[in-house]
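Here the structure is laid out as structure tokens; the discussion comes afterwards.
Note that the structure is a prediction, hence the values are computed from the model and not measured.
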Number of protein chains: 4
Amino acid sequence: MKEKMTEQAVRLFDQKGFTVTSIQDIVESIGVTKGTFYYYFSSKEELLKEIHMRYIDGLLSKQERILEDDSKSFREKLFDIIHLSIVDIKEQGASAKVFFREMRHLSHKSLDQIEPKRDMYRYNIEKLLKEGRKSGDFRNDFDVSVVAFGILGMMNWSYQWYKPDGAKTDEEIAGTFVDMVLKGIQPQ
Amino acid sequence: MKEKMTEQAVRLFDQKGFTVTSIQDIVESIGVTKGTFYYYFSSKEELLKEIHMRYIDGLLSKQERILEDDSKSFREKLFDIIHLSIVDIKEQGASAKVFFREMRHLSHKSLDQIEPKRDMYRYNIEKLLKEGRKSGDFRNDFDVSVVAFGILGMMNWSYQWYKPDGAKTDEEIAGTFVDMVLKGIQPQ
Amino acid sequence: MKEKMTEQAVRLFDQKGFTVTSIQDIVESIGVTKGTFYYYFSSKEELLKEIHMRYIDGLLSKQERILEDDSKSFREKLFDIIHLSIVDIKEQGASAKVFFREMRHLSHKSLDQIEPKRDMYRYNIEKLLKEGRKSGDFRNDFDVSVVAFGILGMMNWSYQWYKPDGAKTDEEIAGTFVDMVLKGIQPQ
Amino acid sequence: MKEKMTEQAVRLFDQKGFTVTSIQDIVESIGVTKGTFYYYFSSKEELLKEIHMRYIDGLLSKQERILEDDSKSFREKLFDIIHLSIVDIKEQGASAKVFFREMRHLSHKSLDQIEPKRDMYRYNIEKLLKEGRKSGDFRNDFDVSVVAFGILGMMNWSYQWYKPDGAKTDEEIAGTFVDMVLKGIQPQ
DNA sequence: GATGAATGAGTCTTCATTCAT
DNA sequence: AATGAATGAAGACTCATTCAT
């Protein structure tokens with residue numbers, strides 16, 4: 001039940017936004033009453049927090065599995081991480097959008113638990129870039145932090161336009177992105 | 001007065017979000033009464049639309065001024081556009097965030113006026129890439145549309161993290177972004 | 001201008017009702033601004049009172065012209081009065097509907113001026129019936145007051161259903177009503 | 001509770017009119033809060049519709065009970081129907097006034113449900129007149145539709161002036177009305 | 001586990017009215 | 001004679017939340 005509610009909530013928050021979606025909307029969509037909601041959640045905000053937690057924890061653990069795989073080069077890891085972010089849209093797109101869009105509606109208390117994880121995700125990319133430098137995979141003359149933000153921007157913005165059933169496969173998009181990041185777009 | 005209201009609204013919508021900001025909040029912040037708001041705007045949504053219009057029209061015209069300047073190469077134009085998006089955060093950051101975040105609260109009628117302009121902005125970037133190919137500024141082997149989305153992602157995401165009074169200047173950030181896009185991050 | 005405003009107001013009050021029609025609606029329909037309204041009327045209620053006055057005064061004077069005509073029998077006068085009420089709908093229908101429907105929105109002060117006139121209209125009919133009795137035009141065995149209310153009901157209700165451009169002429173309807181009142185509907 | 005609310009609403013709508021009566025007025029008069037109102041009704045208009053339905057359904061079923069009684073002549077049925085309309089004022093007067101006065105505030109959707117019933121009521125009277133002709137109870141030389149409107153006018157107008165605790169009994173009034181309708185007011 | 005009834009604070013919006021110009 | 005800006009009170013409606021059952 002709690003599971004079902006959370007899933008419906010993600011769907012509705014994605015479609016209509018957190019503030020605009022009422023508890024009534026959520027419970028109606030699964031055929032129970034408002035009382036039931038408050039049996040499982042202490043507040044609307046708690047539900048939102050749960051959604052955030054579930055998303056960022058999942059994402060982080062997938063990212064860490066990639067980073068820990070020592071059989072791969074840093075370039076390959078970078079590809080995997082970018083690829084993951086595209087692939088993930090298929091099943092986590094709604095959650096992702098809710099995550100980035102509705103974070104502001106979390107309480108400070110909740111934010112304190114979630115922001116460090118979100119930052120960790122970015123920090124891991126910075127770390128990957130730094131380690132790739134030492135190994136010679138990446139150049140030495142760029143600002144790691146800005147480039148990390150750039151990569152993140154490319155990845156996160158894809159939630160806004162990427163349609164999983166569109167013309168391009170996730171492989172193609174991730175490939176283009178990685179190419180762009182590694183080799184640039186000008187002739188060499 | 002209308003001007004003043006719009007500006008305050010942008011500030012508040014940026015800080016607290018469109019739905020959470022009440023008309024009361026807006027009028028209180030400039031010391032008038034609710035009636036006054038409805039003297040100038042027919043609805044909260046109209047105000048939001050006005051904000052969107054003002055932002056996208058301004059952005060488009062700045063972009064077009066860059067694109068029309070024939071004394072510059074395509075690479076330089078790309079730099080200027082990316083640079084613009086960072087510089088713009090200083091004065092238009094709040095509007096930009098409202099633009100991307102609250103578009104969903106526009107009516108269909110308003111969206112029909114705004115979406116084409118937003119798409120035009122992206123389309124202009126695609127065009128720049130295509131023309132740069134012909135001139136030899138850019139390589140021929142990438143997907144223009146995906147790369148355009150990638151560049152847009154980098155630029156638009158910067159609204160989320162860039163602090164105009166931070167350690168890096170806008171020149172530096174734009175420089176890093178353009179370097180990254182042109183030459184990539186791997187050794188050549 | 002005042003004239004024009006009153007006429008538009010009648011039209012709108014008839015169509016949408018007094019409460020639902022705003023001053024804004026009225027002034028917009030003739031292309032002036034709200035200030036202008038308050039130049040001519042001290043309040044919305046005063047306008048309503050003016051409409052009531054104009055209507056009941058006109059009706060009363062027409063009724064009195066009929067009653068004073070000594071060349072006609074009482075039966076003929078009854079016909080004329082009923083006929084008048086139907087004919088009047090063509091040009092005064094809107095005013096009449098406003099009169100009966102919106103009287104409740106008058107202040108006590110206004111009501112004190114209007115109710116006596118409205119009662120006078122009914123009282124004149126009672127007087128006609130009483131005089132017709134003495135002359136032998138009407139029977140002696142009915143309750144004058146109730147019959148007067150009955151006749152008034154027939155007449156006033158016609159505002160609700162009579163369409164001036166319908167199949168029956170006002171002559172026909174008045175004729176049927178008078179026949180019904182004089183001879184009844186059962187075989188004699 | 002819903003019952004109680006509806007009854008209070010009828011009382012208030014009768015006294016002050018639909019538009020002027022606020023939800024606040026209604027809930028205050030029974031000591032609950034506004035939220036409670038919206039727990040039972042989806043809108044003010046729905047409440048009005050419910051009042052209309054309840055009234056016209058009740059009236060129609062009483063009328064039909066009279067019409068179906070084959071032990072009575074058509075003249076007796078006519079008396080019963082007119083009598084009913086007067087008697088009814090005692091308990092349904094407020095509802096009746098609200099019905100006729102506030103119908104305009106119903107939505108088109110509601111009107112579509114109610115107008116046919118209101119028309120049915122009138123149609124039943126026309127039918128009674130037509131059948132009474134065949135049986136010889138009524139004359140053949142009058143316009144059935146206009147006479148029906150005339151009778152309806154007499155009956156419905158009585159809501160405006162009849163005071164149940166006045167000097168005349170409902171029997172007397174109905175008697176006068178039926179006499180007037182059947183035999184007319186002129187000597188035979 | 002779940003419901004149904006109720007709350008009360010808050011939201012957007014409307015509108016008659018005022019008044020300086 | 002008319003306008004435009006502003007007010008402020010009130011209105012319908014929404015919604016997260018509570019709680020007895």
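With values rounded to the nearest 0.5 angstrom, B/I26 atom CD1 is found 5.5 Å from B/F37 atom CZ. A distance of 12.0 Å separates CD of D/E7 from CG of D/L12, quoted to the nearest 0.5 Å.
Using a cutoff of 4.0 Å between basic side-chain nitrogens and carboxylate oxygens, C/R54 and C/E3 are scored as salt-bridged.
Shown here are the side-chain contact (heavy atoms from CB on, under 4.5 Å) partners of C/L111, two or more places apart in sequence or in another chain: C/M103, C/L106, C/E115. Partners of C/R104 by side-chain hydrogen bond (donor to acceptor under 3.5 Å, both in side chains), not counting sequence neighbours: none found. A search for ring-ring contact (aromatic ring centres under 6.0 Å, His included) contacts involving A/Y40 returns nothing, not counting sequence neighbours.
The distance from atom CD of B/E28 to atom P of F/dT7 is 13 Å, rounded to the nearest whole Å. A straight line from OH of D/Y39 to P of F/dC15 spans 16 Å, rounded to a whole angstrom. A straight line from NZ of B/K16 to C1' of E/dG10 spans 12 Å, rounded to a whole angstrom. Atom CD1 in C/I30 sits roughly 14 Å away from atom P in F/dA1 (whole-Å rounding). The separation between D/M5 atom CE and F/dA12 atom P is 13 Å, rounded to whole Å. As rounded to whole Å, 12 Å separates atom P of E/dA2 from atom CZ of A/F41. Between B/I26 atom CD1 and E/dG10 atom P the separation is 17 Å, expressed in whole Å. Rounded to whole Å, the distance from NE2 on D/H105 to C1' on F/dG11 is 14 Å.
Taking 4.0 angstrom as the limit, D/Y40 places none of its side-chain polar atoms (N or O) nearer than this to OP1 or OP2 of E/dG4. Distances shown here put every side-chain N or O of B/T36 at or beyond 4.0 Å from the OP1 or OP2 atom of F/dA6.
Each of D/V20 and B/V32 was assigned the nucleotide of DNA chain F with the nearest heavy atom; the assignment lying further toward the 5' end belongs to B/V32.
Counting only residues at least two apart or in different chains, salt bridge (charged side-chain N to carboxylate O under 4.0 Å, His left out) contacts with residues 11-20 of chain B comprise B/D14-B/K97, B/D14-B/R101, B/K16-B/D25.
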Protein heavy-atom contacts under 4.0 Å, written 5' to 3' over nucleotides 16-21 of chain F as B (base), S (sugar-phosphate only) or - (none), form the string BBB---
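Neither side chain, A/T6 nor A/E50, offers a donor N or O lying under 3.5 Å from an acceptor on the other.
Scanning all heavy atoms of the two residues, the minimum distance from A/H52 to A/F99 falls at NE2-O, 3.2 Å.
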Here DNA chain F, pairs taken as Watson-Crick or G-U under 3.5 Å and shown with ( ), [ ] when crossing and | when to another strand, reads .||||||||||||||||||||
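Rounded to the nearest Å, the gap between the C1' atom of F/dT21 and that of E/dG1 is 13 Å.
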